[in-house]
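Just below is one structure, and these are the notes that go with it.
Whatever order the structure lists ligands and atoms in, that order sets their numbers, starting from 1.
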Amino acid sequence: MATPRLRLPVETARLVIRELVEGDLDALHAWRKHPAYRRYLPMPRQTRAEVEAELEAILRDQIDHRRVRYLLGVVEKMSGQVVGEAILKLGPALRHRQAEIGWAVAESAKGKGYATEIGKALLDAAFGQFRLHRVFAMCGTDNTASRRVMEKLGLREEGTLREHFRARERWWSSHLFAMLETEYRS
Ligand SMILES: CC(C)(COP(=O)(O)OP(=O)(O)OC[C@H]1O[C@@H](n2cnc3c(N)ncnc32)[C@H](O)[C@@H]1OP(=O)(O)O)[C@@H](O)C(=O)NCCC(=O)NCCS
């Protein structure tokens with residue numbers, strides 16, 4: 001099956017979700033280095049050079065004709081600033097029509113409903129553009145805000161993955177939430 005492509009940008013009431021560009025490095029690094037960003041995330045603190053290397057990999061993804069990973073920038077229309085990231089990962093096998101979605105917003109942009117707006121746009125893209133069958137999201141069991149976003153999006157809780165990976169010298173457990181295409185369409 002040929003890999004479909006996500007049509008970008010995706011526009012919501014207050015946000016534009018678009019491809020990241022080289023010029024986003026400072027903004028991306030600014031929220032990635034903030035302690036609140038990784039409080040409930042397993043990744044280690046990234047240096048500017050590491051964020052730059054990741055951005056280079058993201059730019060390479062953009063021209064991959066078998067692209068399955070969309071790590072995107074989120075621009076606040078009102079300010080024109082990049083204030084967050086959105087992720088949509090297709091797979092593992094396209095014939096199963098599954099994807100994982102995720103979100104992060106800069107500290108200054110939290111609490112405005114932006115993550116929920118990003119999530120809604122990703123669900124619309126996944127079920128609308130890609131005609132997927134199931135879309136899931138995960139968050140650390142102590143990430144109350146992200147869990148709340150999943151609930152607000154109407155994803156259904158499927159369970160808890162208990163201590164399913166190890167990072168930063170501890171075990172991590174995650175909530176698993178998902179939506180099926182029938183639930184999206186009803
Ligand atoms: C998780 C995150 C994306 C939420 O972004 P946001 O734009 O503030 O989210 P929203 O405003 O759409 O919704 C957040 C909800 O969680 C609630 N919330 C926030 N912090 C909370 C807390 N500590 N305890 C309980 N609820 C909390 C908010 O009140 C809101 O719910 P409400 O609308 O019912 O009041 C943001 O905190 C973030 O970027 N965190 C760092 C990266 C991250 O953890 N990403 C998720 C990876 S799984």
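Distances below 4.0 Å separate heavy atoms of Cys139 from the following atoms of ligand 1: 48 (S). Residue Met138 has at least one heavy-atom neighbour below 4.0 Å for each of these atoms of ligand 1: 48 (S).
Checking only distances, Tyr37 never comes within under 3.5 Å of ligand 1, N or O to N or O. For a threshold of 3.5 Å applied to N or O pairs, the pair formed by Ala104 and ligand 1 contains no separation below that value. Below 3.5 Å of separation, one finds no N or O of Ser146 facing any N or O of ligand 1.
In terms of protein heavy-atom proximity, atom 11 (O) of ligand 1 is closest to Gly113 N, 2.8 Å. Remark: minimum distance from atom 19 (C) of ligand 1 to any protein heavy atom is reached at Ala145 CB, 3.4 Å. Considering only non-hydrogen protein atoms, atom 36 (C) of ligand 1 sits nearest to Lys110 CE, 3.6 Å. Taking atom 8 (O) of ligand 1 as the reference point, the nearest protein heavy-atom neighbour is Gly111 N, 2.8 Å.
Using a distance-only test at 3.5 Å, with no hydrogens or angles considered, a donor-acceptor pair links the side chain of Gln129 to the main chain of Arg7. With hydrogens and angles ignored, the 3.5 Å screen pairs a side-chain donor or acceptor of Glu117 with a backbone N or O of Arg14. Looking at Tyr70, its side chain does come within 3.5 Å of a backbone N or O of Leu6 through a donor-acceptor pair.
Residue contacts with ligand 1, taken as heavy atom pairs separated by less than 4.0 Å, involve Trp103 via backbone and side-chain atoms alike. Under 4.0 Å from ligand 1, not a single heavy atom of Arg39 appears. Contact annotation: for Lys112 versus ligand 1, heavy atoms closer than 4.0 Å belong to the backbone alone.
Residue Arg148 holds the heavy atom nearest to atom 34 (O) of ligand 1 of all those in Met150, Arg148, His175. Of the candidates Ser174, Pro42, Ala115, the one placing a heavy atom closest to atom 2 (C) of ligand 1 is Ala115. Of the candidates Ile118, Thr144, Val149, it is Thr144 that places a heavy atom closest to atom 26 (N) of ligand 1.
Note that CZ of Arg170 is 8.5 Å distant from CZ of Phe165, once rounded to the nearest 0.5 Å.
Using a 4.5 Å heavy-atom cutoff, the side chains of Glu76 and Tyr114 are in contact.
A salt bridge links Arg97 to Glu181: at least one charged side-chain nitrogen sits closer than 4.0 Å to a carboxylate oxygen.
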